[in-house]
> 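Questions regarding the structure given below will be posed in turn.
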Amino acid sequence: MLGGYDYREVEKRIAELWKKEKIYDFDEKSSRKVYSIDTPPPTISGHLHIGHLFSYSQADFIARYKRMSGYNVFYPFGLDNNGLPTEILVEKEHNVVAEKLGREKFIELVEKTKDKYEEEYKKIWRAVGISADWSLLYTTISKDSRIASQLSFIELHEMGRAYRKETPTLWCPKDRTAVSQMELQDKTEKTNFVYIKFSKDVEIATTRPELLPAIVAIFVNPEDKKHAKLVGKQVKVPLFGNEVGIMADQRVDPTKGTGMVMCCTFGDQTDIEWYKAYNLSLRIAIDDSGRMTVEGYRGMKPKEARQKIVEELKKGGYVTREQEIDHDIKVHERCKNEIEFIVKEQWYIRYLDLKDELLRLGKQLRWHPDYMHHRYDNWVQGLQWDWGISRQRFFGIPFPVWYCKNCGEVKLADRDQLPVNPLVDKPKLGCAKCGSTEFVPEADVMDTWATSSLTPLINARWATDKKYMGKIYPMSLRPQAHDIITFWLFTTIVKCYLHTKKLPWAEAVISGHGLDPKGKPMHKSEGNIIDADKTLEKFGADPVRYWASSSTLGEDSSFQEKDMISGQRLVNKLWNVAKFIDQNCKTFESKPKEIDRWITARSLYALKEATELFENFNYSGAKRVAEEFFWFFSDNYLEFIKYRIYGKDSSANATLGYVFLLVLKMLAPFMPFATEEIYQKLFRGKLDKAVSIHVSAWPTFDKKWVDEPSLKKGDMAQKVIEYIRQWKHNNKMALNAELKELVVSEDLGGLEEDVKGAMNIGRLTRGSGTLTVPETEIHLEIKAE
RNA sequence: GGAGGCAUAGUCUAGUGGUAGGACGUCAGCUUUACACGCUGAAAGUCUGGGUUCGAUUCCCUGUGCCUCCACCA
């Protein structure tokens, strides 16, 4: 006998069962068709919130459906512990500064911290029922990932696609370190906006006159008629005397200042863009300690130089006016000092020449929802420069590169040296060009996207034993959220295409974000994080997944407690039907009657619809169909057959079991715990042989079980019952109150007993009636007494 | 500034070129041998303006509001 349903106890026990039976392990020996999933590795930057549960559940629905559809599912899980968020986390947790500790020791600390989060994360992902194969777990700083990233770089270098170029980087002159955009803060300062007359027609307003010696071009807006005739001309820079060209670019606001902008290397972000986009020359005015390098101002801080230059400009009569404005500047959040741009040699991957190829690959990929394709296209079309992959940080995967001390030639590591740390390891041979054995190591590390862009290849073990290359690659599916289409999805296509000439996956499924109850994204700084752990504890995994399955693919969805309640109700209802069957059905053998053929046909049509929706990755539609059918089944079919069951007539048993199992299977991808529990208690070894519902076969639609005449008759009987229910309600009667006689105008085709039983009718006769059942030709006469 | 998305009852949401479906909430009726975490019934809705059409909530344009990504703040 089944008792109450305690989700805390059940979910824990079922999760153990899955673990013990290895339900979700990839079957290496099987010849079944493989379905491989390129799971996003979450960063270990802290605690998981319900937004994570939301998007990972959505991928899990698909994994589970595919598994039940007979695929050998390759579903790995990853953890991203490479990159700045991890660096910041580890610095905070251990109260250290990465630069001071040094790279080797810091990576050790990262590994330690990772272990802790790995356990915590695994616990939560298991608790929410993610059906990944945990033996395939990878991390982005692991040895394998380092080998893959470095091998990738070596191959790209050999292809001639990796090159070095002097490029500006955000730099903190005080800490003497590169800074990422994430570490910037805005600060407003009072600054003088200085108008400088270069010539008769050229006047420029600037907040940074000290960068006059670093001017490489002057820009005007292409729509700006006032300045149009100047484009292409040259003009002399005051005080410094060099000539610079005047160019046109959209980014200039013609209403701001004089409508003419000086482009220096480098004063701000736009300068960098222009420098890259127009291949401008480089004039450095500030060094990495934040001091001027220009003759006459050498060693001065920019602000001192600014004063001196303005004075000199005034003496020369170049300054027409000055205006104090509020100016937003970027400061380093750690030390609050203004950041500068300084120039470093950095590695790039050349890909601008591949735009057409990349667009073609984007077209080849099947996108769900398909409009997400636009974002990719738009991004590729707008690319203006190559992919910079150098980062001047301590923590990360190093480039497998040294430079010859003598001639400067690049020396790549040998493949069998990987993973290599050039700061510690040495090249195997001398310089190929000059024979020198003295080398300078590359101190920079790779951008994290240079590694994450390899996840399909890391999973396939491309860089090592190539174990899964032919088997899982190209992968079947990339599930991810829409915000990183231009990063993760795009860079993965780039790298995998360069290395394998193939599109890395057949399909991309793009999920939305789980938002807070007000519809706002969850951010630590907003304080609106809803904790994953606590939510699972409070409502159970199935209801949380129910919420995740209720929103359309690609759409954001705000977290509503009432969705959890709806999920809990569904679980409860499933459990109660299970109890009913458990109490009343000893076997699942019997001969179906008319009404049984009716619900069977109904269930198969629901199955057909759900399957089609699932095949199109419309899991929310599939869930809806399954759920709707289940409530229909409970409220109608069960009412029809109760009187037979109570009368110890077992003729409905087989249908009851068969249809309910079908419902469980349709809901299994969404509510894996409750459906499993019921399957184990009721059906395993009886109606199905599979050890778990999650490796049982997704039912197939078979027309031969669809009896169209029974379907019509059943629908008719159901309408009659609906009418009688309303009639009883209008007469303030209980639904099971006895009715003496029902007169029906039509032949109910063998369903008379069912109608009588369901509505507690004493006698059913044929004859004319005055009441009309809506949507039918049936007339009734109801006699209560 | 560029690109994309969204707008449906009090709330969350589905769907459709022809009477808009569900859930929560609300109101009313019902102790009905699985379930009051239930059953039955009721009230309540297509953002503004324009166009295409016999007919638009759906398709097109426009406005407004919200969201995401990218860019910008000389």
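Model, not experiment: these values are computed from the prediction. Order of the sequence lines sets the chain letters (A, B, ...), proteins ahead of strands, with each chain counted from 1.
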> Would you measure the distance from the P atom in B/C70 across to the matching atom in B/U13 and give it in whole Å?
24 Å

> Just to be sure I understand the rule, does A/Asn572 reach a base, reach only the sugar-phosphate, or reach nothing, if contact means heavy atoms closer than 4.0 Å?
base

> Can you identify which nucleotide, out of B/C24, B/C12, B/A34, has its nearest atom closest to the A/Ser566 side chain?
B/C24

> Of all the nucleotides listed (B/U13, B/A34, B/C37), which has the minimum atom distance to the side chain of A/Arg569?
B/C37

> Under 4.0 angstrom, heavy atoms only, what part of the nucleic acid is A/Ile484 near: base, sugar-phosphate, or nothing?
nothing

> If only side-chain N and O atoms of A/Asn736 are considered, is one of them under 4.0 Å from the OP1 or OP2 phosphate oxygen of B/U32?
yes

> On a whole-Å scale, what distance lies between the C1' atoms belonging to B/U52 and B/U11?
35 Å

> Does B/U11 pair with anything, Watson-Crick or G-U wobble, both distances under 3.5 Å, and if so, with which nucleotide?
B/A23

> Does A/Phe193 or A/Asp563 map to a spot on RNA chain B nearer the 5' end, using the closest nucleotide for each?
A/Asp563

> Base, sugar-phosphate, or nothing: which does A/Tyr546 touch, judged by heavy atoms less than 4.0 Å apart?
nothing

> Indicate, with yes or no, if the rings of A/Phe539 and A/Trp547 have centres closer together than 6.0 Å.
no

> Among the candidates B/A34, B/A3, B/A28, find the nucleotide nearest to the side-chain atoms of A/His729.
B/A28

> Think A/Thr552 has a side-chain N or O under 4.0 angstrom from the OP1 or OP2 of B/A14?
yes

> Of the candidate nucleotides B/G15, B/C70, B/C39, which contains the atom at the shortest distance from the side chain of A/Trp631?
B/C39

> Go through B/G5, B/A3, B/A34 for me and flag the one nearest to the A/Glu555 side chain.
B/G5

> Under 3.5 Å, is there any donor-acceptor pair linking the side chain of A/Lys562 to the base of B/U11?
yes

> For B/U52, give its Watson-Crick or G-U wobble partner with both distances under 3.5 Å, or none.
none

> Would you say that more than 12 heavy atoms from the other residues, nucleotides or ligands in this model lie under 6.0 Å from the CD of A/Gln323, or not?
yes

> Using a cut-off of 4.0 Å on non-hydrogen atoms, how would the nucleic acid contact of A/Asp635 be classed: base, sugar-phosphate, or nothing?
sugar-phosphate

> Classify the nucleic acid contact of A/Lys728 as base, sugar-phosphate or nothing, counting any heavy atom under 4.0 Å across all strands shown.
nothing

> Report yes or no: is the cationic atom of A/Arg602 (NZ for Lys, CZ for Arg) under 6.0 Å from the centre of the six-membered ring of A/Phe629, at an angle within 45° of the ring normal?
no

> Would A/Arg545 and A/Phe670 count as a cation-pi pair here, with the cationic atom under 6.0 angstrom from the ring centre and within 45° of the axis?
no

> Check whether any side-chain nitrogen or oxygen of A/Lys573 sits under 4.0 Å from OP1 or OP2 of B/C39, and answer yes or no.
yes

> Picking from B/A34, B/C70, B/C12, which would you name as closest to the side chain of A/Ser558?
B/C12

> Would you mind telling me which residue lines up with the more 5' stretch of RNA chain B, A/Asn584 or A/Ser550, judged by nearest nucleotide?
A/Ser550

> Does B/C69 have OP1 or OP2 under 4.0 Å away from a side-chain N or O of A/Arg375?
no

